[in-house]
Amino acid sequence: MTGNLLDPIVLCFIVGLTAGLLKSDLKLPDQLYETLSIYLLFAIGLKGGVELANASLGAVILPTIATITLGVVIPILAYNLLRRLGRFERTDAAAIAAHYGSVSAVTYAVVLSFLIQADIAYEPYVAVLLVVLEVPAIAVGILIARMRASKGSMKWGPLLHEVFLGKSIYLLVGGLLVGYLSGPQKIESVTPLFFGLFKGALALFLLEMGIITSRRLADLKKTGPFLVGFGIVMPIISGILGTLLGAASGLSLGGTTVLATLAASASYIAAPAAMRMALPKANPTLYLTASLGITFPFNIIIGIPVYHWMSSAIHGFGG
Amino acid sequence: MTGNLLDPIVLCFIVGLTAGLLKSDLKLPDQLYETLSIYLLFAIGLKGGVELANASLGAVILPTIATITLGVVIPILAYNLLRRLGRFERTDAAAIAAHYGSVSAVTYAVVLSFLIQADIAYEPYVAVLLVVLEVPAIAVGILIARMRASKGSMKWGPLLHEVFLGKSIYLLVGGLLVGYLSGPQKIESVTPLFFGLFKGALALFLLEMGIITSRRLADLKKTGPFLVGFGIVMPIISGILGTLLGAASGLSLGGTTVLATLAASASYIAAPAAMRMALPKANPTLYLTASLGITFPFNIIIGIPVYHWMSSAIHGFGG
Amino acid sequence: MTGNLLDPIVLCFIVGLTAGLLKSDLKLPDQLYETLSIYLLFAIGLKGGVELANASLGAVILPTIATITLGVVIPILAYNLLRRLGRFERTDAAAIAAHYGSVSAVTYAVVLSFLIQADIAYEPYVAVLLVVLEVPAIAVGILIARMRASKGSMKWGPLLHEVFLGKSIYLLVGGLLVGYLSGPQKIESVTPLFFGLFKGALALFLLEMGIITSRRLADLKKTGPFLVGFGIVMPIISGILGTLLGAASGLSLGGTTVLATLAASASYIAAPAAMRMALPKANPTLYLTASLGITFPFNIIIGIPVYHWMSSAIHGFGG
Amino acid sequence: MELKKKRIVTIVAESILETSIIKDLKRLGSKGYTIVDARGEGARGVRSGDWDQNRNIIIQTICSEQTAHLIMDFLYDQYYDDYAIISYSAEIEVHRENKF
Amino acid sequence: MELKKKRIVTIVAESILETSIIKDLKRLGSKGYTIVDARGEGARGVRSGDWDQNRNIIIQTICSEQTAHLIMDFLYDQYYDDYAIISYSAEIEVHRENKF
Amino acid sequence: MELKKKRIVTIVAESILETSIIKDLKRLGSKGYTIVDARGEGARGVRSGDWDQNRNIIIQTICSEQTAHLIMDFLYDQYYDDYAIISYSAEIEVHRENKF
Ligand SMILES: Nc1ncnc2c1ncn2[C@@H]1O[C@H](COP(=O)(O)O)[C@@H](O)[C@H]1O
Ligand SMILES: Nc1ncnc2c1ncn2[C@@H]1O[C@H](COP(=O)(O)O)[C@@H](O)[C@H]1O
Ligand SMILES: Nc1ncnc2c1ncn2[C@@H]1O[C@H](COP(=O)(O)O)[C@@H](O)[C@H]1O
Ligand code: NA
Ligand code: NA
Ligand code: NA
């Protein structure tokens with residue numbers, strides 16, 4: 001916990017958060033934000049692709065199934081919580097649910113660096129799980145919202161295009177391919193930029209994320225207390241599901257921690273863009289505040305150590 | 001070939017190209033594009049300047065003469081092909097010819113990394129040839145277009161200013177000087193940024209170039225089939241000329257490959273800017289599509305291995 | 001001297017300066033400028049924070065007092081020179097004085113790299129002196145200008161906010177905290193970006209600063225000869241004061257050189273922003289031209305070696 | 001040389017609408033447009049442009065009085081309920097009236 | 001659908017004034033604004049936007065004739081003497097007249 | 001305080017023309033200008049602003065009716081044949097009429 005709190009990337013997030021809360025005029029150039037998020041997504045893919053070389057296809061199957069299951073179960077669960085307990089409108093509930101079913105690549109990057117710091121090994125193909133988990137929940141969310149929605153049937157074409165060719169997934173998959181095809185030798189010439197600087201770039205990005213998060217916190221009064229609770233309870237529930245399915249599908253302690261974190265993380269790139277297109281009536285303030293304002297910081301600061309603890313528990317129990 | 005195809009920088013170019021062709025919304029921030037191109041030009045100069053320390057002035061003379069010759073012969077050759085076979089208007093033909101006589105610094109960077117990968121040595125002063133080859137063709141192109149052009153005599157002042165003080169040449173020369181004057185010891189403090197990250201930055205830049213290239217491809221229908229053929233045949237011809245003059249002027253296998261690639265490469269920074277100013281009547285769609293849409297990808301993916309093969313042939317033959 | 005002149009970062013500054021004077025169209029993207037200045041400020045703080053670990057609180061006290069003294073004495077001195085000899089209006093004189101009392105973080109970065117190059121040791125807490133020296137002079141400058149200024153009493157609130165939460169100080173202090181709390185081990189994961197690339201980034205930034213400086217030189221005719229003299233004499237005087245107080249407060253040769261340089265440097269981030277808010281009637285052309293157009297280049301190229309020489313003299317004398 | 005009267009329609013909208021609005025403009029008869037990145041504030045809160053989901057763009061198109069009216073009405077029906085968007089129309093003078 | 005006449009006030013000013021001008025606009029009754037980064041030149045010299053101290057911004061606000069007049073006059077008194085700033089007002093047509 | 005009528009000329013052109021258009025404006029009597037980076041589409045195709053050769057800029061200058069006319073005509077003769085460029089003129093109201 002405190003160990004995690006004293007990690008430079010977490011500290012950078014807090015520095016950014018504080019800057020925003022204190023209304024400092026500190027502001028990263030918007031194109032730097034874009035550059036860093038492109039860099040991080042591509043580098044994550046690249047790293048995953050290189051590691052993939054040492055992965056046996058067979059080993060990937062079970063965890064992938066587990067991951068897809070999470071991608072379908074979590075949004076349905078989230079939707080029902082939001083509707084029944086939270087009394088949210090169908091569209092809003094569905095849109096929020098989609099965010100929690102999908103993933104945050106940055107949270108994934110933070111959990112990996114957490115594991116490396118603690119040097120805990122993880123399966124070489126976890127990046128695949130990241131990619132796999134990004135999409136299904138978005139589809140589920142939209143389907144839920146559309147069920148017996150009077151207003152004309154929707155066009156899936158542009159939406160699928162938006163999702164699969166959107167910045168987020170395209171860069172992850174592109175990176176995976178480049179990394180996999182180049183292989184460990186040839187990739188070396190580009191590693192100083194894409195691997196060597198990775199953690200520093202992550203720190204800088206989290207500084208900016210801190211500022212952005214602080215802005216979202218201002219919207220909390222609009223969104224009400226239930227969403228705050230949901231933003232903390234939901235990732236814990238998803239984290240538990242992720243831990244169980246991770247262990248069940250034979251993932252190591254590290255791999256289980258990663259899957260738990262992926263399950264617990266909420267998307268803030270792919271999902272918001274898709275929801276804005278497919279469910280324009282859903283109020284962005286709700287899903288953005290929940291995902292970015294509450295769940296993201298919760299996972300970075302508290303969640304990850306907790307999911308690691310859960311995984312240790314189940315693995316200690318298992319073995 | 002496949003070796004080259006599996007190099008991360010080439011793969012990045014293909015990923016970018018595909019993104020564009022699939023109409024992904026992936027788009028690098030425009031200021032990142034500018035930053036990378038400034039960085040690459042300056043780093044290329046810097047590296048050249050440091051290497052220059054180990055070069056003897058005498059050795060540079062012959063290759064320089066060979067290079068200037070290429071800078072004059074290639075545009076004249078290109079012009080006649082475009083006029084006689086392509087039936088292009090004088091101004092358009094002259095403008096396109098200027099691009100093919102001049103050079104692409106990025107293509108130069110790619111051939112160097114190709115040689116380093118294959119660890120083939122090259123002369124320490126090749127960066128000088130890059131600079132030398134950039135200008136003459138631009139002047140030749142303009143002269144051709146202006147010959148007995150009725151409409152008033154042109155102002156060379158602003159144009160020379162534009163060319164010699166334009167971003168491209170100024171950064172290359174500036175880098176050369178800084179690298180040369182600092183020397184191998186003092187430069188070390190800045191090498192992590194300018195040399196260590198170079199290939200990674202090149203990969204990122206090529207990702208963006210891929211996107212830009214894909215846009216140009218859309219213009220192919222406007223420009224017609226001849227230009228497509230020209231964009232592939234012309235670099236091969238120039239590559240052959242470069243190989244011959246390179247070997248003749250006593251360059252090593254590596255140096256010959258570099259000169260051949262320089263000859264084959266078409267400018268897309270200095271030349272377009274100069275043409276837009278000096279020959280406003282020339283249609284930019286033509287020269288940009290040829291240079292960026294066809295010749296650039298051809299050189300990156302296929303050309304460089306071919307020019308290397310040519311040079312090996314002639315050197316095998318020679319010795 | 002020539003040694004310093006051949007340092008890549010100084011050469012980069014000169015290349016930028018020349019680009020501007022020759023009216024090259026070279027121009028770094030504005031967001032790159034912002035990114036680099038954010039990066040440099042944060043990295044400076046980070047480095048200082050890590051070094052701080054090895055500092056004993058007791059040792060910091062005397063030098064801090066010396067530094068605050070400089071922050072109060074220098075602006076008063078500068079103000080009187082500008083009023084009595086320069087015949088400047090009260091507000092203009094006060095605003096310029098505030099700039100010379102405050103500091104330039106980039107100049108600080110250059111002197112550190114100068115010392116490292118010459119491998120001269122310096123106290124681990126010099127970054128604290130940088131932060132400490134930034135603020136007082138700004139307050140002093142404003143107080144001087146406000147003394148018996150008829151027009152209503154000013155609001156200090158927003159101003160203090162502007163100064164302490166302004167980009168410059170917030171990033172330095174934020175970096176200090178992150179560096180100090182993470183400590184030497186945990187910080188390692190981010191050092192490739194924040195320490196490894198530091199000097200290269202500094203070189204790139206100085207290239208841009210050279211361009212900006214060249215623009216300011218154009219204003220010299222407006223500002224008149226006195227300000228030129230002041231921009232060179234004032235840093236020398238401050239440098240002497242810094243040397244004396246540095247040695248007196250028991251700083252080493254390196255530490256004294258740093259304090260002398262801090263004293264001699266003129267602010268161009270915190271002070272201009274604060275002056276524009278607090279003393280809108282002060283003419284920015286005057287303080288920006290003096291600080292950026294004259295003193296900054298003077299310190300980078302000539303000043304630092306001179307202050308180092310001064311410090312050596314006094315330490316030679318002392319011991 | 002004499003100048004001709006035309007209308008310019010200016011749209012400020014969240015950046016995610018860019019491609020779809022451009023399609024609309026072309027379909028409604030606009031022959032061109034100019035886009036600038038922007039930030040702002042309105043009924044839907046502050047859009048400070050510092051990350052993907054809160055960027056605005058300004059789209060301007062010069063067209064005939066009638067096309068301008070079509071565009072204004074279409075945007076009103078299509079986007080006003082669900083998105084952060086405003087638009088307004090103004091009178092301008094140009095050469096080459098047939099170009100627009 | 002019928003369009004209603006409103007005014008748009010455009011302010012070009014040095015970027016350091018952003019927060020304070022926004023405060024002013026709200027106080028004077030504007031319900032929103034749009035901002036774009038800019039550069040330029042005028043009586044106070046070239047402001048090329050390449051570093052903190054010489055950036056400009058363009059702030060636009062759509063409002064009633066009367067508010068427009070208030071804003072123009074206020075800016076004149078408050079900033080014109082000391083800062084690089086200009087402002088102008090123009091007529092435009094909008095839907096949703098109550099929004100502005 | 002009373003507002004005075006002036007004209008604002010807006011030019012959208014490929015960015016390479018920046019320096020030369022600025023020279024023209026000054027020669028024709030404009031006392032200042034404001035520039036914003038832009039992208040767009042028109043008769044000469046899409047100019048998406050993602051690299052050097054396809055950036056646009058928007059240049060605006062406030063001036064007298066007569067200067068506005070001079071500028072519009074000059075641009076027409078000088079650039080319209082060869083470059084991606086449009087320009088238009090509109091009526092605005094300002095304080096400090098002598099400034100413009
Ligand atoms: N009164 C106004 N004047 C100028 N721009 C406005 C105004 N109201 C809204 N906007 C712009 O339009 C965007 C969407 O407005 P809204 O839907 O009211 O949030 C805002 O983010 C502003 O950029
Ligand atoms: N005549 C003008 N037309 C358009 N913009 C102007 C004009 N005069 C000044 N500006 C803009 O307003 C800013 C401040 O003007 P000034 O206070 O005259 O220096 C300049 O930097 C320009 O961006
Ligand atoms: N009808 C229009 N409305 C707004 N902007 C336009 C229009 N037509 C052209 N433009 C802008 O002017 C630039 C040059 O136009 P063109 O010469 O027609 O390609 C385009 O890239 C657009 O940015
Ligand atoms: Na999730
Ligand atoms: Na060539
Ligand atoms: Na000082």
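Hydrogens, waters and symmetry mates play no part in the numbers below; they use all other heavy atoms, side chains included. Order of the sequence lines fixes the chain letters, A, B, ..., with proteins taken first and strands second; residue numbering starts at 1 for each chain.
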Residues, nucleotides or ligands: over 12 heavy atoms within 6.0 Å of A:Tyr180 OH: no
Residues A:Phe194, B:Leu204; criterion side-chain contact (heavy atoms from CB on, under 4.5 Å); working and verdict: CA-CA 10 Å; A:Phe194 290 109; B:Leu204 207 52; 4.1 Å; yes
Side-chain donor/acceptor of A:Tyr170 to backbone N/O of B:Val15, under 3.5 Å: yes
Closest non-hydrogen atom pair between B:Leu11 and A:Ser182, with its separation: CD1-OG, 3.3 Å
Side chain, backbone, both or neither of B:Lys27 within contact of chain A (heavy atoms, under 4.5 Å): backbone
From B:Ile14 atom CD1 to A:Leu177 atom CG, the distance as rounded to the nearest 0.5 Å: 11.0 Å
Segment of B:Ala19 engaging chain A (4.5 angstrom heavy-atom cut-off): both
Residue list, salt bridge (charged side-chain N to carboxylate O under 4.0 Å, His left out) with B:Asp219, at least two apart or on another chain: B:Arg216, B:Lys222
Atom of B:Leu28, atom of A:Ile38 and distance for their closest heavy-atom approach: CA-CD1, 4.2 Å
Considering all heavy atoms, the nearest A:Gln31-B:Pro29 contact: OE1-CB, 3.3 Å
N/O donor to acceptor pairs below 3.5 angstrom from side-chain atoms of residues 130-137 of chain A, sequence neighbours left out:
residue, atom, partner, partner atom, Å
A:Glu134, OE1, A:Ser168, OG, 3.4
A:Glu134, OE2, A:Ser168, OG, 2.7

Verdict with reasoning, B:Leu32 to A:Leu32, per side-chain contact (heavy atoms from CB on, under 4.5 Å): CA-CA 8 Å; B:Leu32 173 59; A:Leu32 173 59; over 6 Å; no
Straight-line distance of A:Lys167 NZ to B:Leu26 CG, nearest 0.5 Å: 8.5 Å
Test item: A:His161 side-chain N/O and B:Ser24 main-chain N/O as donor-acceptor pair under 3.5 Å: no
Portion of B:Thr18 that has a non-hydrogen atom of chain A nearer than 4.5 angstrom: both
Heavy-atom contact with chain B under 4.5 Å, split by part of A:Leu197: side chain
Non-hydrogen side-chain atoms of A:Ser189 and B:Pro8 separated by less than 4.5 Å: yes
Nearest atoms (heavy-atom pairs only) where B:Cys12 meets A:Phe42: SG-CZ, 3.8 Å
Between B:Leu207, B:Ile116, B:Leu202, B:Asp30, the one whose heavy-atom pairs under 4.5 Å with chain A are most numerous: B:Asp30
